[in-house]
Amino acid sequence: MKIEFIPIDFNYIDFEGKSYIKLIGRTRQGKRICVIDSYEANFWAILNEGVSDKKIDEVRKKIEKIEVKLVSRTTNVLKTELHNKKFLGKDVKAIKIFITNHKDAHAVADEIGFEEIFKRREYDVPLISKYIIEKKVLPLNWHEVEGEILNNSLEFGGIDSVLDVDICIKANSIKKLEKQEIYEPKILAFDIETNEFEIGKGNVLMISLYGKNFKKVLTWKKCALKQDYVECFKTEGEMIKKFIEYVKSYGPDILAGYFSDGFDLPYLRAVAEKNKIKLAIGIDGSQPSFARGRIPSGKINGIVHIDLFRFIETAYSQYLQSETLSLNEVASELLNEKKHDFDFTKLSNMKEEDWRDFFSYNLQDSALTYKLAEKIWPDMFEFSQVMQEPLFDITRDKMSSHVDNYILHNLERFNEIAEKRPLDKEIGERRNREKYEGAYVFQPIPGLYENIGIFDFTSMHASIIVSYNLSKATLLEKKEKNCIESPEFELNKEKRNFYFSKEKGFFPLLLEEIVELRKKYKKELKEKPDAIKKARSNAFKLLANAYYGYLGFFGARYYSIESAATTLAFVRKFNKEIIEKVKQEGYEVIFGDTDSVGFVLDKKTKQQTFDFLKKLNSELPGIMELELEDFYKRGIWVTKRSGEFGAKKKYALINEQGKLKIRGFETVRRDWCGLARSLQNDVLRKILNEGNEKSSVKIVKETIERIKERKIDLKELMIRTQLKKPINEYLSISPHVVAAKKMEEQNIPVSQGMLIEYYISETNGKKSLVRDKVKLPNEKGLYNIEYYLDRQILPSVENILDVFGIKIKEIIDGKKQMNLGEF
DNA sequence: GGTCCCTAGATACC
DNA sequence: ACAGGTATCTAGGGACC
């Protein structure tokens, strides 16, 4: 029996003490297929240098006799093989140890601490990853499987009769097909509405489902009004049963939610339990399980549960303008579609038409989730292709895991045995380490500048790692002749240099490939744009960007603080050198941060500037490259609020097409009120467009006037600040903490990570602390004129107008006196 | 109640 | 806990007058 299929969900099963891989996927006809594949679990014992062949034979015999008795099974070594391998770039002899069950690899490894053994490795690589690497069965790629159909077979505990699949095959061989194309998955989105926020506390009022030609709202609440997609049930339990039934009959590849790992799925499971119902949505009739972690990951057997929020958070958020990653903001940016309105305060007293609105609100959430899933599918698909890990994992992994996985899946080409993950002790040590020195930031001189050019290094950190061959494996213990020497820098309060081999290591080589592939796909994208090329180029870009941070990340397999610190030493060196060279060429340097330099062209032409850039590039080593970021018509730099020096990381530019680039200013900070932000934005735009402050001063004065006259809408005065830890853990009780406490008192759900919204009101009596004047949006009150003038408007424009010698404080103070005079 | 100095905390830049 | 370091700025917190 031969059949073509695409594996989507990866899992493993135990049968008679041995683990097998269970792949769930689709056939060309769209049938759901289960493929059971065998896998010879194994790990490595790397031998010390110089161990004799005779000794090696003895060691192998000892290892082959190992048997570990565990509670549920006994595991033993099946065979061993001797291989010439590499470990951290060095030639080693290593024994490949085959065992019955991968889960016991650690236990077996513990038994072989013989003196001839240098290191034991790869027992900590997850089974699925090992399987994908060794048997080359790639997620979301078409394969041909040859094997036997299981039909009411007793094999694997009669798995084929348990699983809700169309066909179940025991594989003899699986081959990846040459021709591949993007797969269009069958997606079902879901969303629930509840009367309590805490999981396990309240009821699920309704569940919405949205798929292709499929929309449903299931409820056990009032639904007399006709809405064709609403189905009513007598009890919560019956509603949940129907939900299970619909998931089964729709048969999705993907069940998508938004924040469903943290809310919808665990909530459903808890409520089902309360109703004594098994939430049997797995294709084997099992309930979702929750892997522990900061946010538990809800896994459904045979169906890939994706919490879109988690993928968007790591892979997408840096390209979004949205200030929060709420479904509403993300959907309106990516889909240009919003959530429906619903006033949750009505919940305690619902009329029939309120229920109707609530149902359509609920359905819309699923609809948005479904459309988002479709929209970002190319990115999820490409992440899976690039990292070669299953969908479930790549939609939850953080960037460090993506880097780890990319390396793991590409080590075979270098004949490398994988390094281990750090253990708790090592993680602790790494996290407690001293920080190393970071990048250089140029101190600007405040002022308005015209005719500006900015150069920056393309992927600076990555190109340094590649050009100087930096990594754990290429780091030398001491200086050798003909090696790479770092600039001198301080690490752990000690001045020193580090030395790296010139022989190319797999770690920088892989990064070089990533950079090359990124270039290639970016070029292809430019020639003929489509979503998949964009996603692919983006995946490589993110990988390249995360590679440097990975070196200094405590959880990394290939952690190398020396390499990370050396990368930064080179970053500082090159940035300072470029700044010096730009100065020497006769430009006035006004800006510089990490990998960039900004300067005034003055009498120099653009052509001269391009020629100069070319010359600078000819002097750069390796793959390092400097490029023109852009030319700007004008730019403004201001002083720090404390002190007369120019503020770093705060500037505004306008390019020749009239496009603004604002960095660091309150305009781009979400914890300032809308009025201050938009006023500052207007001021900056006017100054940069017009080259002087005249009309800006006018709008500032008008705004001051409007505040004083109480003409400002409270909406524009709301301050939003994130609650970054649990309320009771705050040492200093700042306004947003007070606001959060107030929310708790009013039974408004508050949780860590939420944006807390409040405004500052006038108060009776003499309260001097800001936090005593905090009011929630639902609390009636007058805004505090003094606060908004002195602490929002003034700081947002003071330093900008100061560049022109305008003292806006005097204007405000004048107005305030006038205001008092009126009373 | 005001000033000084320091820290906690949030959010930005690259 | 889930890439790194650099930087700005507000409000609170405590000492002191």
Side-chain angles (χ1 to χ4, degrees), chain A residues 292-295 310 313-314 318 323 396-404 421-422 424 427-428 430-431 433-444 456-457 459-462 542-556 558-561 563-565 567-569 571-572 575 591-596 629 638-643 645-651 661-672 719-725 729-738 755-756 760 766-774 787 790-792 795-796 798-799:
Chain A
R292 65 195 172 94
R294 198 163 48 96
I295 306 167
R310 295 187 70 171
E313 194 182 26
T314 40
Q318 68 177 115
E323 283 174 9
R396 287 172 176 80
D397 285 342
K398 299 291 175 192
M399 279 321 295
S400 60
S401 297
H402 290 315
V403 176
D404 246 351
R421 258 193 216 131
D424 286 354
I427 287 179
R430 291 178 181 183
R431 292 189 63 202
R433 71 166 166 81
E434 296 255 336
K435 279 204 202 179
Y436 54 85
E437 191 182 344
Y440 170 72
V441 188
F442 180 87
Q443 174 105 54
D456 64 11
F457 285 94
S459 307
M460 191 187 205
H461 299 69
L542 283 170
L543 257 187
N545 288 344
Y547 224 80
Y548 150 70
Y550 172 91
L551 280 173
F553 169 59
F554 56 76
Y558 293 98
Y559 176 83
S560 172
I561 195 64
S563 307
T567 308
L568 256 300
V571 167
R572 289 191 296 276
N575 196 22
F591 161 78
D593 189 342
T594 309
D595 61 353
S596 58
E629 201 259 338
V638 301
T639 54
K640 284 170 57 158
R641 276 185 71 70
S642 54
F645 299 108
K648 297 169 176 178
K649 299 189 186 288
K650 267 183 106 163
Y651 59 88
K661 180 175 177 177
I662 299 178
R663 293 291 119 100
F665 275 113
E666 285 75 4
T667 302
V668 297
R669 294 185 60 96
R670 69 173 181 192
D671 56 349
W672 282 70
I719 297 163
R720 302 199 299 170
T721 312
Q722 194 183 20
L723 192 71
K724 298 199 92 153
K725 35 189 210 178
E729 279 179 24
Y730 279 89
L731 297 174
S732 114
I733 309 302
S734 44
H736 80 293
V737 179
V738 170
L755 270 194
I756 307 293
I760 304 304
K766 288 180 182 158
K767 288 178 177 172
S768 65
L769 291 180
V770 176
R771 65 173 174 215
D772 295 326
K773 300 168 194 162
V774 163
Y787 173 84
D790 289 352
R791 313 274 188 108
Q792 292 279 331
S796 72
E798 187 176 34
N799 292 353

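Lettering of chains follows the sequences in order, A, B, ..., and the numbering in each one begins at 1.
At a threshold of 4.0 angstrom between heavy atoms, the contacts of A:R572 with the nucleic acid are absent. Using a 4.0 Å heavy-atom criterion, one finds that A:K435 contacts the bases of the nucleic acid, with or without backbone contacts as well. Contacts of A:Y547 with the nucleic acid, taken as non-hydrogen atoms under 4.0 Å apart, are absent. Residue contacts shown for A:L551 are absent, as no nucleic acid heavy atom lies under 4.0 Å away. Using a 4.0 Å heavy-atom distance criterion, A:G664 is classed as a sugar-phosphate-only contact.
A salt bridge is absent between A:D593 and A:K648: the closest approach of a Lys/Arg side-chain nitrogen to an acidic carboxylate oxygen does not fall below 4.0 angstrom. Comment: A:K650 engages A:E666 in a salt bridge, judged by a side-chain N to carboxylate O separation of less than 4.0 angstrom.
The side chain of A:V770 lies closest to C:dA11, out of C:dG5, C:dA11, C:dA1. Here the nucleotide nearest the side chain of A:V668, chosen from C:dG12, B:dA12, C:dC2, is B:dA12. Considering only the side chain of A:F554, C:dC2 comes nearest among C:dA11, C:dG13, C:dC2. If you check B:dT11, C:dG13, C:dT6 against the side chain of A:T721, the one that comes closest is B:dT11. Each of B:dC14, C:dA3, B:dT11 was ranked by its minimum atom distance to the side chain of A:R670; first place goes to B:dT11. Among B:dC14, C:dG5, C:dA3, the nucleotide with an atom closest to any side-chain atom of A:T594 is B:dC14.
Side-chain nitrogen and oxygen atoms of A:Y440 include none within less than 4.0 Å of the OP1 or OP2 phosphate oxygen of B:dC13. Between A:R771 and C:dA11, a side-chain N or O to OP1/OP2 separation shorter than 4.0 Å is absent. At B:dC14, one or more side-chain N or O atoms of A:Y651 fall inside 4.0 Å of OP1 or OP2 (strictly under the cut-off). Using a 4.0 Å cut-off, no side-chain N or O of A:R641 falls inside it from OP1 or OP2 of C:dA11. Taking 4.0 angstrom as the limit, A:K650 places a side-chain polar atom (N or O) nearer than this to OP1 or OP2 of C:dC9.
Separating the CD1 atom of A:I760 from the C1' atom of C:dA11 is a distance of 10 Å, rounded to the nearest angstrom.
Ring planes of A:Y730 and A:H736: perpendicular class, angle over 60° (limits at 30 and 60°).
Across the P atoms, C:dA3 and B:dG9 are found 22 Å apart, a figure rounded to whole Å.
A:Y559 is linked by a ring pair (Phe, Tyr, Trp, His ring centres under 6.0 Å) to nothing, counting only residues two or more places apart in sequence or in another chain.
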| said: Protein within reach of the bases, or only the backbone? For nucleotides 1-9 of chain B, mark each nucleotide 5' to 3' as B, S or -, using heavy atoms under 4.0 Å. | reply: -------SS

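A donor-acceptor contact under 3.5 Å is formed by the side chain of A:K649 with the base of B:dC13.
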